[in-house]
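Remarks on the structure that follows.
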Amino acid sequence: MSRIALPQYLADASVAAELQSIIIGLAEVSADISIALAKGALAGILGAAGAENVQGEDQKKLDVIANDMIKDALAALPAVRGLASEEETDVVPCHTSGSFLVTFDPLDGSSNIDINSMVGTIFSVLPHTGDATVTEQDFLQPGRNQSAAGYVLYGPSVMLVLSTGNGVVMFTLDQDTGSYLLTESDVNIPAEAKEFSINMSNQRHWLAPMQTYISDLIAGKDGPRGKDFNMRWVAAMVADVHRILCRGGLFTYPWDSRKPEQAGKLRLMYEANPMGFLVEQAGGEVWTPDGKILDIQPEHIHQRVPVILGAANEVALCVDYHQR
Ligand code: AFP
């Protein structure tokens, strides 16, 4: 069966040429990152980098390597006006003629690297309309403004999942040719969930409505929900959301009292917004307990947000527990 490659898909979908160049550039550098990841310990690139990022998190060597690879790839594209990264304190101006801004998490789930578990790269593309030098303010657009969003999941196979605003498609990296080939063209999340995804070790730190909601899921068919649920937690948002795009369910990383000054653990601009764009495009819902995430007006580039996303009816019920 002949499958179409990413560049052909983008051309057939009449994606703007500048946006095509960004998506193809990210795809190419992700293939190089997958090669570095596959070498693992043999390349001497596992373990801590010995530095902290702006989040106050210990960087892994591969966080820094992946960040530098993506930064270099994007900075070489005339279409890129500026970029922002989880691993960069400030936004980085690029080409003064570019029409797009790119935010990214170069290696999401990096605490999984040293245990050979799944990690991913998340990217978000926003339009740039100003004409002066790029500042942080230019990036602070609601997620609904995104021109494109996607991720690369470095799993048993390397997959690129993408939306340019007309549904969600999935590509699989052909290791022999280095091309991403279309392998799923109509991704849809069922409205009802059978699985939920949360880090249960934080249960005592959640708000009471989340404690009750999760407790009712765990009670199964003998409890108020009247049915059993399965649970998964990969600790890499890309992998957990990929499972939801493939077989449904609900994912949540709620606010908790460990760091009460933080709105949540996940970052709005390069985790919740791009993943949320994909989930909405696949028929799912993406909320905080107070409203739709893609409608949030960002206040700063590394802003955090509590996340409830996935199966539309299940998300609505979880939000309802908080609004009762
Ligand atoms: P790292 O990139 O620091 O591993 O964090 C990954 C992440 O931001 C997101 O991808 C996961 O869903 C979540 O954090 C896992 O958090 P816990 O380690 O607290 O479960």
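Side chains are part of it too, since the values below use all heavy atoms of this structure and drop only hydrogens, waters and symmetry mates. Numbers here simply count residues along the sequence, with the first being 1. Ligands are counted one by one from 1 in listed order, and the atoms in each one are counted from 1 as well.
Around atom 19 (O) of ligand 1, the closest heavy atom drawn from Trp233, Tyr253, Phe251 belongs to Tyr253.
Of the N or O atoms in Gly109, one or more lie within a sub-3.5 Å distance of an N or O in ligand 1. Looking at ligand 1, you won't find any N or O of Arg258 less than 3.5 Å from one of its N or O atoms. Inclusion of Glu271 in the set of residues having an N or O under 3.5 Å from an N or O of ligand 1 is warranted.
The ligand atoms of ligand 1 that sit less than 4.0 angstrom from a heavy atom of Arg267 are 8 (O). Near Lys265, meaning under 4.0 Å from any of its heavy atoms, are these atoms of ligand 1: 5 (O), 14 (O), 15 (C), 16 (O), 17 (P), 18 (O), 19 (O). Using a 4.0 Å cut-off to heavy atoms of Ser110, the atoms of ligand 1 that qualify are 1 (P), 2 (O), 4 (O). For ligand 1 and Met237, the ligand atoms under 4.0 Å from any heavy atom of the residue are 9 (C), 10 (O), 11 (C), 12 (O). Below 4.0 Å from some heavy atom of Asn199 lie the following atoms of ligand 1, by number and element: 17 (P), 19 (O), 20 (O). Residue contact check: Ser111 has heavy atoms under 4.0 Å from atoms 4 (O) of ligand 1.
A side-chain hydrogen bond (donor to acceptor under 3.5 Å, both in side chains) check over residues 25-41, counting only residues at least two apart or in different chains, returns the pairs Ser30-Tyr180.
Ion pairing of Arg267 with Glu57 is present here, as a side-chain N (NZ or NE/NH1/NH2) and a carboxylate O approach within less than 4.0 Å. Between Lys60 and Asp63 there is no salt bridge, since no side-chain nitrogen of the basic residue lies less than 4.0 Å from a carboxylate oxygen of the acidic one. Contact check on Glu271 versus Lys265 returns no salt bridge, with no Lys/Arg side-chain nitrogen under 4.0 Å from an Asp/Glu carboxylate oxygen. Taking the charged nitrogens against the carboxylate oxygens, Arg144 and Glu280 do have a contact shorter than 4.0 Å, which makes a salt bridge.
Every residue was checked against the salt bridge (charged side-chain N to carboxylate O under 4.0 Å, His left out) condition with Asp216, not counting sequence neighbours, and none meets it.
When non-hydrogen atoms are compared, ligand 1 lies under 4.0 Å from the side chain of Leu266 (C-beta onward) but not from its backbone. In Ala236, the part holding a heavy atom less than 4.0 Å from any atom of ligand 1 is the backbone.
Judged by a 6.0 Å distance limit and a 45° cone about the ring axis, Arg225 is not positioned over the six-membered ring of Phe229.
Taking the ring centroids of Tyr9 and Phe171, they lie under the 6.0 Å cut-off.
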